[in-house]
Amino acid sequence: MFTDPHNRWSAALALAALLVGGWSLWPAAFPAPLVPTVSHEALPLATGLPAAPEYKATASIAPLISGQLNLNTATEEQLESLPKVGPALAGRIIAGRPFRSLADLDAVKGIGESLMKTLSPLVTF
């Protein structure tokens with residue numbers, strides 16, 4: 001069978017084609033694990049993201065950065081650190097306690113729909 005030189009070449013070419021085909025299909029059959037690479041290149045600046053809101057600070061408290069402020073236990077200074085809440089509104093919030101929901105807070109004079117949207121992720125009851 002392999003005594004004829006043409007058969008030898010045909011068998012060698014068929015074997016080479018199988019090896020090249022197996023070599024090219026190897027990554028699809030056995031994918032390498034994706035390993036994160038360390039790069040010291042500067043990251044591109046994020047565009048289109050909304051700016052972080054600025055929260056005012058009072059003399060006795062730093063701005064509320066994380067977590068939620070409990071309206072039933074907060075001091076006047078803590079309430080003033082919330083956005084759009086001044087001393088007069090903080091006093092009305094304290095006078096309107098106890099609060100059990102946003103609907104109770106909506107009854108306070110000076111708190112409208114836009115302020116409710118602003119305060120809702122920042123306060124708890």
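Small disclaimer: the values here were computed from a predicted structure and weren't measured.
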Could you grab the distance from atom CE of M116 to atom CG of L102, nearest 0.5 Å is fine? 4.0 Å

List, one per line, each side-chain donor-acceptor pair under 3.5 Å for residues 24-32, sequence neighbours excluded.
from: S24; atom 1: OG; to: V20; atom 2: O; distance (Å): 3.3
from: S24; atom 1: OG; to: G21; atom 2: O; distance (Å): 2.9

In sequence, state the C-alpha distance, the side-chain angles, and the governing distance for L69 and L122, and then conclude on side chain to side chain contact (heavy atoms under 4.5 Å, CB included). CA-CA 6 Å; L69 183 64; L122 302 174; over 6 Å; no

Quick one, F99 with V108, criterion side chain to side chain contact (heavy atoms under 4.5 Å, CB included). Give me CA distance, side-chain angles, the key distance, then yes/no. CA-CA 10 Å; F99 300 108; V108 174; 3.7 Å; yes

Hey, could you give me the CD1/CG distance between I93 and L119, rounded to the nearest 0.5 Å? 6.5 Å

Distance in Å, S10 OG paired with L15 CG, rounded so as to fall on 0.5 Å steps: 12.5 Å

As an exercise, state the distance from CD1 of I111 to OG1 of T118, rounded to the nearest 0.5 Å. 11.0 Å

Taking atom OG1 of T75 and atom CD1 of I94, what is their separation to the nearest 0.5 Å? 7.0 Å

Shortest non-hydrogen separation from A90 to E80 and the atoms involved: CB-CG, 4.0 Å

Nearest heavy-atom pair of L115 and K84: which atoms, and what distance? CD1-CB, 3.6 Å

What one should report as the nearest heavy-atom pair of Q78 and T73 is OE1-O, 4.4 Å

Return the CG to CG distance between L82 and L89, rounded to the nearest 0.5 Å. 9.5 Å

So the salt bridge (charged side-chain N to carboxylate O under 4.0 Å, His left out) pairs with at least one residue in residues 108-124 (sequence neighbours excluded) are E113-K117

Would you name the heavy atoms of L71 and F125 that are closest together and state the gap between them? CD1-CE2, 3.7 Å

Heavy atoms only: give me the nearest P121-Q68 pair and the separation to one decimal. O-NE2, 3.2 Å

